Every structure is written in structure tokens, then in C-alpha cells.
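Everything below concerns the one structure shown next.
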Amino acid sequence: MMRTVPELPEVETVRRGLQHLLGTSSVIARIELLRRDLRRRLPAALATHFTGQPITALGRRAKYLLFETPVGTLVSHLGMTGTWRLAQPGAEREHDHCYVHLRDGRRLAYRDPRRFGMLELQLPGAVLPVLKLLGPEPLVVEDFHATYLHGRTRGRAVALKTLIMDQRVVVGVGNIYAQEALFRAGLKPARKARTLRRAELERLVAEIRTVLTEAIAAGGSTISDFRQAGGDGGYFQHNFQVYDRAGQSCAVCATILRGGVVGGRGTSWCPSCQR
DNA sequence: CGAATCACCTGATCGC
DNA sequence: TGCGATCAGGTGATTC
């Protein structure tokens, strides 16, 4: 099955799946840490801090999942290969790093083969340093708009694609949706950020928002063990127009899509549609 | 300071 | 068939 790295739509899909599973009355019995050396070392306090606490809400900030409890928040980043799933006895898998045992007997498992993800503990009233640096949510219209983005592009020589993947500028956009949004906006990934005109900034903001919204509606691009009711996982991957399509023809103008490296990552674009 | 590059990690894929 | 090389990329550190 095709897997893609979790960006905002995939994390939001996981959040909804978890929220559906957990409802509003799930209580944590205990947390079991199988190995702590993920991208950052998991705090040992995770194992005991949440014992007996209800999960009052399932939130999301950028690509971080937030398990809210009265004594703090379990913050989870999926990195590139992280997944949450329900794992009943016997369903253990290699690379399961954390089990959240619920009082009703169910067990949530965090699995992450590459260990690029992380779990953190955030106390009430505190904000983790990694969350402090984050830019605006792209789907919050009053926070993310052309005027804001103009301020962040001024004087910046950085490639446009790198800019919109910078989580300090705007959150949730990774290598896939950056490429898709730039294609839709008709902007070349390597374009220097400072050269954008007002109308182009407006298009970029609009297309980032649109592609993320469409992807959320499609349940993301398949990555998760959580499924929408009656569905079989996300299906937005069928809507990719440039991602991983270098050498194939543009869906709009049939020009052969180009491939290269921008910001150290594989990138493809239409040399005709994108300027 | 901003921009570019590297490191982290495992599984899938490719070429010989 | 086997095996080493290569690639994938979110994020934070390092280098230029």
C-alpha cells in the first residue's frame, strides 16, 4: 500500500481517527515505553505522569498531535514513519515504541520504524520550545494571508519551496503539498521568495489552503491505520499532479515535468505552467 | 545574520 | 539469488 510522509492533512486525519476512537471519556491506565531513543530521548516521566488521567481532547498544532489531559499534554510528532493504532493483545509489532493502555482495556500503540518522531510531555500553562517557534496555521484565514506572507518573503533569497516548508513561516506544509501548491499557483519551486508580486502571493496562499483542504477531505494521502467510516484510507495521492511525476507529462499542458533538487529534497514541476 | 548542507534512521528499490 | 548502494524526507544541528 502506498505510504506518504505525514503532513498536515495526514496528521489531521489521524487526529480525527483518534478522536473518534477515544471519544471524550477515555482514561489512561498507564503508559509503557518500550524504547526511548527516538529522534529525541523520550522523557521517562511519560510513563507515570498521565496515570489515571482522562483524555479530554485530541488536538493538533502544525504536524503535532496533542493528547490533552488535566495534568498536561502528551505531544506526538509522527516524523516520517510514525503511526498510532489500536493494538489489542497479540497485535504487537516490531518498532512499537510506546503503548498507551486505557482503563477500558484497549491499547494505543505508537510505532515508528525510523524513529524520526517524538513524544513529549507539556505541562499545563507551558509551551514546549518546539511549539513556540511555529508559524501560523495555513487554514486559519486571519493568520495566514498574502500580507503576512509578504512580510516573510521580503529580502529573502531562499527558494519559494523552501520558504513554505519552513515551519516558522507557515506550518503543516511538507515536501509533497509544497510541490502541489506551487504547481497549482503556477510558481516555480526555485523562484526566489523576494521576487513574488502581490497577486502571486495571493495565489500561493489560496492554493496552499485549497490543496490542504482537499487533501483533508480525501482523508489525506494514505498513511494511517485509521480509516474514515466505511472507507479504506486516504486517497488524495491519486490527485498528485507533480509529486514524484518528473519525466511524465503535465496534466494541464502535457509538457514533460522536470525533476531536480530544491532545498535538498526531490522536487518536480512543470517548466511551462510554473514561472 | 541568512542560506546551504549534513545527520539522523529504516525499508524499499535498483544495479550488478 | 544475494548484496551493497541509493533514495525517501521532517527537523534540528552545523557549516559557509
Side-chain angles (χ1 to χ4, degrees), chain A residues 1-15 34-42 60-66 75-84 93-98 109-120 127-135 137-138 149 151-182 189-196 208 212 215 220-225 236-237 240 242-247 259-269:
Chain A
M1 176 176 285
M2 175 167 181
R3 298 179 56 83
T4 68
V5 165
E7 300 182 29
L8 189 150
E10 289 73 34
V11 177
E12 177 61 20
T13 298
V14 172
R15 187 195 71 78
L34 287 79
R35 75 179 289 173
R36 293 172 57 204
D37 56 330
L38 272 60
R39 189 169 204 299
R40 288 217 295 270
R41 188 162 181 81
L42 306 189
R60 179 188 60 75
R61 172 75 173 105
K63 300 173 189 173
Y64 295 85
L65 289 165
L66 310 172
V75 179
S76 158
H77 193 292
L78 301 176
M80 296 182 57
T81 54
T83 54
W84 282 98
R93 295 191 64 183
E94 190 184 6
H95 307 303
D96 283 349
H97 305 316
C98 171
Y110 178 70
R111 178 172 187 268
D112 185 3
R114 265 153 111 169
R115 290 185 282 129
F116 277 17
M118 72 117 178
L119 296 173
E120 270 288 356
V127 181
L128 288 178
V130 289
L131 300 184
K132 270 189 184 149
L133 298 172
L134 295 173
E137 289 285 332
L149 198 55
R152 303 303 301 258
T153 58
R154 248 184 311 205
R156 301 283 310 271
V158 70
L160 196 48
K161 173 170 171 261
T162 304
L163 183 91
I164 62 175
M165 288 175 63
D166 184 340
Q167 303 299 296
R168 295 168 299 185
V169 173
V170 60
V171 302
V173 179
N175 196 40
I176 294 172
Y177 294 106
Q179 292 175 63
E180 294 300 316
L182 288 167
R191 177 92 172 262
K192 286 191 193 312
R194 66 181 175 217
T195 67
L196 287 221
I208 287 173
L212 294 177
S221 304
T222 295
I223 57 150
S224 159
D225 290 308
F236 191 77
Q237 64 274 16
F240 291 159
V242 285
Y243 173 71
D244 203 26
R245 292 198 66 235
V261 175
V262 177
R265 297 291 178 230
T267 306
S268 41
W269 69 94

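The shown structure was predicted, so the numbers you read here are calculated from the model rather than taken from an experiment. What's counted below: heavy atoms across the whole structure, side chains too, no hydrogens, waters or symmetry copies. Numbered from 1 within each chain, the chains take letters A, B, ... in sequence-line order.
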Taken in chain and number order and not counting sequence neighbours, the residues that satisfy salt bridge (charged side-chain N to carboxylate O under 4.0 Å, His left out) with R41(A) are none

With sequence neighbours left out, the residues meeting salt bridge (charged side-chain N to carboxylate O under 4.0 Å, His left out) with R115(A) are D37(A)

Check this for me, if you would: do R61(A) and E137(A) make a salt bridge, where the nitrogen-to-carboxylate-oxygen distance has to be below 4.0 angstrom? yes

Residue set satisfying side-chain hydrogen bond (donor to acceptor under 3.5 Å, both in side chains) with R265(A), at least two apart, ordered chain then number -> none

Sorted by chain and number, sequence neighbours left out, side chain to side chain contact (heavy atoms under 4.5 Å, CB included) with A159(A) holds for T162(A), V262(A)

E94(A) atom CD is separated from dG11(B) atom C1', nearest whole Å, by 11 Å

Here the residues of residues 151-163 of chain A within 4.0 Å heavy-atom distance, strictly under, of DNA chain C are none

With sequence neighbours left out, the residues meeting side-chain hydrogen bond (donor to acceptor under 3.5 Å, both in side chains) with Y177(A) are E10(A), S221(A)

With sequence neighbours left out, the residues meeting salt bridge (charged side-chain N to carboxylate O under 4.0 Å, His left out) with E12(A) are R15(A), R16(A), R60(A)

Salt bridge (charged side-chain N to carboxylate O under 4.0 Å, His left out) filter on R39(A), not counting sequence neighbours, yields none

Residues at least two apart in sequence or cross-chain that pass side chain to side chain contact (heavy atoms under 4.5 Å, CB included) with L128(A), listed by chain then number, are V75(A), E120(A), Q122(A), V130(A), L131(A)

In B/S/- notation (B base, S sugar-phosphate only, - none; protein heavy atoms under 4.0 Å), nucleotides 9-16 of chain C written 5' to 3' is BBBS----

Computed from five pairs at either end and rounded to 10 degrees, the angle between the axes of the helix from dG2(B)-dC16(C) to dC16(B)-dG2(C) is 60°

Inset, instruction - Please state whether the phosphate of dG11(B), meaning OP1 or OP2, lies under 4.0 angstrom from any side-chain nitrogen or oxygen of H95(A). - result: yes

Residues at least two apart in sequence or cross-chain that pass side-chain hydrogen bond (donor to acceptor under 3.5 Å, both in side chains) with Q179(A), listed by chain then number, are N175(A), S268(A)

